[in-house]
Amino acid sequence: MAPSAATRNHAVAAQPQPLRRSARFQTAAAAQAPPKPDDEFRILKTTNRKPERYDCTTCDRNLSASSFPKYLPTDKCKHLINTCKACTKQHIAMMMDSVTYDKLACPECPQLLTNADVKREASKDVYKRYDELERRGISEKVPGWRWCLNPNCRGGQVHKSLLKQQEPTEQDAVTAGAKKDEKVSSKEPQTKRPSKAKKIVRFFVDLTSANLVDEKDQDIFTCNTCGHRACVPCDRPFHDGETCAQYKARLDQAEANSEKSQKTIEKYCKPCPKCGKKIEKNGGCDAMYCPCGERFCWLCLVPYTTINATGHAKDCRYAAGNNRFDPHAGPGAPGQPALW
């Protein structure tokens with residue numbers, strides 16, 4: 001009996017369908033593909049490297065690399081970094097006590113250290129001392145040199161008026177010598193000295209003319225670094241519109257007023273026991289209130305938190321035994337008399 005059409009269709013459907021070419025290639029590639037990274041475990045062996053160490057030629061110690069400076073003591077040094085930081089600091093400190101500031105040398109070679117080198121290698125207090133000595137040395141060695149008076153400026157320069165004062169011209173020296181020889185060889189009697197009256201008149205004229213000095217005629221030092229101005233004759237910050245005498249008189253008066261004010265404060269004011277601020281009492285009771293929030297007794301300067309616990313000080317009029325009532329103390333404060 002021949003199979004029916006439905007049976008033939010079922011048999012055809014049951015047979016496996018042939019794979020397409022692309023799908024067949026994909027299946028083969030997937031079978032031959034290497035395993036994924038997640039499926040593969042690798043053990044990496046790491047070795048701990050020891051930190052590098054070097055020998056200090058000064059203290060003869062084997063130290064780590066961090067114990068040595070990153071730069072040579074000076075830019076002119078040609079050797080390696082063989083001295084540790086501690087030895088370099090100690091070397092500079094010892095040299096400051098034995099040689100002048102301008103003779104500081106590298107601990108390994110004769111190259112001299114500059115200001116920047118000392119600031120980088122030395123301690124703060126040693127550098128501060130070195131910097132002060134260097135500034136003094138420059139002002140003494142360089143003719144006409146002057147430092148700026150601005151505390152925030154480290155600049156300085158040569159001032160013309162000071163240069164002329166320190167270095168007289170050859171013509172002035174020749175003229176001075178000729179006048180001296182002429183005075184010695186002259187046989188004429190010397191003229192009489194001016195009388196006291198003339199001296200007084202001249203002194204008065206000099207003061208009057210000094211008050212009329214214009215700013216253009218004054219000797220003013222202007223710093224090229226920050227622009228700060230200073231008066232050269234009195235070595236103070238420039239006092240615009242005032243002579244040196246007027247400026248000095250004003251400073252003396254301000255200082256006198258400051259001392260007088262300080263004496264007044266010490267006489268009539270007392271410090272707060274908490275913040276130390278000076279407080280003046282101009283009447284009222286003996287209980288004082290400070291802006292910081294502290295409340296204390298004006299006579300013994302004891303806070304009322306302490307008074308309510310242990311009472312006033314022994315020398316206070318409200319102390320126990322004096323039988324004086326303090327209305328600002330708590331009812332249970334020691335020494336408070338009973339109210340009737």
Side-chain angles (χ1 to χ4, degrees), residues 96 100-104 112-119 124-180 193-194 196-262:
M96 284 290 295
T100 57
Y101 75 94
D102 55 345
K103 300 298 182 181
L104 290 180
L112 299 179
L113 302 177
T114 62
N115 188 295
D117 299 333
V118 178
K119 184 178 182 180
K124 292 183 179 180
D125 55 341
V126 173
Y127 171 72
K128 184 178 180 180
R129 179 186 171 193
Y130 170 86
D131 187 60
E132 182 64 24
L133 293 175
E134 184 187 40
R135 291 173 67 86
R136 292 181 185 178
I138 293 175
S139 60
E140 294 175 358
K141 293 179 180 179
V142 180
W145 185 268
R146 181 181 176 86
W147 292 106
C148 180
L149 295 182
N150 184 5
N152 298 325
C153 178
R154 307 292 292 177
Q157 65 205 42
V158 176
H159 194 57
K160 293 183 178 180
S161 65
L162 297 178
L163 186 62
K164 292 179 181 179
Q165 294 175 9
Q166 296 179 7
E167 294 184 353
T169 59
E170 296 180 359
Q171 185 67 23
D172 294 339
V174 173
T175 305
K179 289 183 178 180
K180 183 177 181 180
R193 295 182 179 179
K196 294 183 178 180
K198 291 184 178 180
K199 282 186 178 180
I200 295 174
V201 172
R202 289 179 181 177
F203 184 67
F204 177 75
V205 172
D206 291 342
L207 285 180
T208 306
S209 60
N211 293 334
L212 300 177
V213 172
D214 190 10
E215 180 179 340
K216 298 179 180 179
D217 301 329
Q218 292 181 348
D219 192 2
I220 304 173
F221 171 85
T222 303
C223 179
N224 294 333
T225 304
C226 65
H228 185 269
R229 298 193 301 171
C231 179
V232 176
C234 63
D235 196 22
R236 297 288 184 87
F238 177 65
H239 36 84
D240 192 5
E242 292 180 319
T243 62
C244 295
Q246 293 173 347
Y247 177 73
K248 185 177 182 301
R250 181 169 62 85
L251 290 183
D252 294 342
Q253 184 65 28
E255 185 177 357
N257 294 338
S258 178
E259 293 180 357
K260 186 178 180 180
S261 300
Q262 185 65 26

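Between T100 atom OG1 and K103 atom NZ the span is 6.0 Å, to the nearest 0.5 Å. To the nearest 0.5 Å, the span separating CZ on R135 from CH2 on W145 amounts to 9.5 Å. R229 CZ to F238 CZ: the interatomic distance, rounded to the nearest 0.5 Å, is 4.5 Å. Atom SG of residue C223 and atom CG of residue N150 lie 7.5 Å apart, to the nearest 0.5 angstrom. Here the NZ-NZ distance, from K119 to K124, works out to 10.5 Å after rounding to the nearest 0.5 Å. Atom NZ of residue K248 and atom CD of residue E242 lie 13.5 Å apart, to the nearest 0.5 angstrom.
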Intermediate values then yes/no, side-chain contact (heavy atoms from CB on, under 4.5 Å), V118 and Y101: CA-CA 10 Å; V118 178; Y101 75 94; over 6 Å; no

Could you walk me through whether W147 and I138 pass the side-chain contact (heavy atoms from CB on, under 4.5 Å) test, one step at a time? CA-CA 9 Å; W147 292 106; I138 293 175; 3.9 Å; yes

So R236 and L251, side-chain contact (heavy atoms from CB on, under 4.5 Å) or not? Walk me through it. CA-CA 11 Å; R236 297 288 184 87; L251 290 183; 2.7 Å; yes

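Of all non-hydrogen atoms in V232 and I220, the two that sit nearest each other are CG2-C, 4.3 Å. Taking each heavy atom of D102 and L112 in turn, the nearest pair found is O-CD1, 3.7 Å. Across L149 and P237, no two heavy atoms sit closer than the pair CD1-N, 4.0 Å. Scanning all heavy atoms of the two residues, the minimum distance from A230 to R146 falls at CB-NH2, 4.0 Å. Shortest non-hydrogen contact noted between G241 and Q246 is O-OE1, 4.1 Å. Listed here is the closest heavy atom pair of Y127 and N115: OH-OD1, 2.8 Å.
Within the 3.5 Å criterion, the main-chain N or O of N224 finds a donor-acceptor partner in the side chain of Q157. Checking side-chain atoms of D252 against main-chain N and O of A249 turns up no donor-acceptor pair under 3.5 Å. Under a 3.5 Å cut-off, the side chain of S258 and the backbone N or O of A254 do not form any donor-acceptor pair.
Ionic pairing of E132 and K128 is not present here: no N-O contact between side-chain nitrogen and carboxylate oxygen is shorter than 4.0 angstrom. The pair R129-D125 fails the salt-bridge criterion, with no side-chain N (NZ, NE, NH1 or NH2) lying under 4.0 Å from an Asp/Glu carboxylate O.
Ring planes of H159 and F221: perpendicular class, angle over 60° (limits at 30 and 60°).
In this structure H228 satisfies the ring-ring contact (aromatic ring centres under 6.0 Å, His included) test with no other residue, sequence neighbours excluded.
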